[in-house]
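Report on the following structure.
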Amino acid sequence: MLFENMPEITEKEVEKALQFSTEQVIRNLPEFTYKFQNAYSEGNFYHPIENDYWTTGFWTGEIWLAYEFSGEERLKKAGEIQIQSFLDRINNKIAVDHHDMGFLYSPSCVAGYKLTGDRRGREAAIKAADQLIMRYHPVGEFIQAWGAMDEPENYRLIIDCLLNLPLLYWASEETGDYKYRDIAEKHIHTAIKNVVREDYSTWHTFFFDMTTGAPDHGATCQGYRDGSAWARGQAWGIYGCALAYKYTKREEYIDIFKHVTQYFLEHLPKDMVPYWDLEFTDGDDQPRDSSSASIAACGMLEMMKYMDTEDAESYKKLAKQIMKSVYDNYAVKDPKVSNGLVLHSTYSNRSPYNTCNHYGVDECNSWGDYFYMEALTRLQKDWVLYW
Ligand code: GLY
């Protein structure tokens with residue numbers, strides 16, 4: 001078995017890591033209660049931004065996870081202030097013309113509503129679900145990621161969107177209206193059918209014909225090149241397949257999860273934390289993306305709930321091994337080094353063959369910090385999902 005002899009994170013280390021993360025979140029509250037952390041740090045320190053980017057929900061999610069760990073009232077208060085900000089944002093339609101409503105509203109508003117019963121969180125998250133389904137294309141049966149809805153160059157889904165769909169399942173449960181769930185289900189089937197390649201690597205984005213809805217072609221945006229596997233895309237695929245199974249119970253998604261995870265594992269360097277694209281490995285002079293490691297661990301810890309004991313134990317072991325490496329080699333241990341939680345993530349790395357902007361390379365990023373805390377929380381207790 002791969003990585004058979006790698007050490008696993010211990011219960012004590014999980015506790016210690018959550019304790020430090022919670023303290024770090026509390027230290028950040030004065031600067032980041034009425035403002036949000038930027039998507040990525042600069043020189044390992046986050047700057048404050050308004051609530052107007054696709055990533056701000058992760059910071060609020062960290063606040064809720066820290067609240068779950070500590071029960072500290074000041075965290076609850078900060079979370080409630082941020083819920084109001086998310087409600088204002090959706091009411092005023094500030095930077096919500098894209099598909100990332102789940103990333104924004106699940107770890108912030110759904111989480112706050114589940115934890116404290118805050119009705120503003122419920123209202124905001126249902127409005128966000130309404131916003132998200134407006135991006136559904138019946139021709140092709142998918143939710144469009146970015147851009148104007150009537151342009152062929154935007155007629156595509158991206159693998160990341162699998163994490164936006166739990167918001168729709170939650171909205172259906174909450175309202176009794178199945179239109180959200182039906183759209184989510186259609187998107188899941190279209191996405192998994194098209195983004196997973198024959199060798200179980202994944203496309204970051206996939207285009208469809210605007211007139212017929214027929215699958216057209218895959219392309220990368222943030223990966224190294226079209227044919228490579230962007231590390232975070234593969235990690236979104238792992239967690240996305242686990243959530244797809246949780247919500248649809250389609251058996252084939254267990255099998256796809258296993259293969260997509262196997263591809264990820266087979267392309268990891270020795271310390272189990274991927275380079276930013278799975279094309280690269282030990283010895284390559286390329287940055288890591290530590291966030292992908294935590295995202296993949298969360299996916300394994302979710303999927304193991306639906307597996308037989310042998311499989312479940314083996315994915316739990318892998319997740320604990322990955323988190324041991326993230327904790328030992330990447331996690332911040334000293335607030336003087338960073339105001340984030342995990343170093344060496346990569347948001348968007350420009351290569352000669354991709355189309356993305358260049359920022360947040362070899363830095364902390366807000367989802368890397370969030371999923372680090374989520375993975376630790378999953379290891380600490382039987383966690384009720386925000387997703
Ligand atoms: N969802 C965008 C990213 O993972 O960078």
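Fair warning: this is a prediction, and the values are worked out from it, not measured in the lab. Just so you know, these numbers use all the heavy atoms, side chains as well, and skip hydrogens, waters and symmetry mates. All ligand and atom numbering here is 1-based and tracks the order in the structure.
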Ligand 1 contacted by Y40 (non-hydrogen, < 4.0 Å):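 No heavy atom of Y40 comes that close to ligand 1.
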Taking only heavy atoms of [X], which atoms of ligand 1 are found under 4.0 Å from at least one of them?
| X | result |
| --- | --- |
| Y347 | 5 (O) |
| Q222 | 3 (C), 5 (O) |
| W54 | 1 (N), 2 (C), 3 (C), 5 (O) |

Check ion pair K316-E8 (N to O, under 4.0 angstrom):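 Between E8 and K316 there is no salt bridge, as every charged N stays at least 4.0 Å from the carboxylate O atoms.
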Does W236, backbone or side chain, put an N or O under 3.5 Å from an N or O of ligand 1?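 Checking ligand 1 against W236, an N or O pair does fall under 3.5 Å apart.
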Does an N or O from W367, backbone or side chain, lie closer than 3.5 Å to an N or O of ligand 1?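 The answer is no, given that W367 and ligand 1 share no N or O pair closer than 3.5 Å.
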What are the two closest non-hydrogen atoms of A319 and M300, and how far apart are they?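 Smallest interatomic distance, heavy atoms only, reads N-SD, 4.1 Å.
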How far is atom 1 (N) of ligand 1 from the closest protein heavy atom, and which atom is that?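 The closest one turns out to be D160 OD2, 2.6 Å.
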So which heavy atom in the protein is nearest atom 5 (O) of ligand 1, and how far is it from that ligand atom?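 For this ligand atom, the closest protein heavy atom is R232 NH2, 2.6 Å.
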For residues Y359 and I49: do they belong to one hydrophobic cluster (side chain heavy atoms under 4.5 Å, members Ile, Leu, Val, Met, Phe, Trp, Tyr)?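 In one cluster with Y359: I49, yes.
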Is the NZ or CZ atom of [X] both under 6.0 Å from the centre of the six-membered ring of [Y] and within 45° of that ring's axis?
| X | Y | result |
| --- | --- | --- |
| R250 | F257 | no |
| R156 | F206 | no |
| K249 | Y245 | yes |

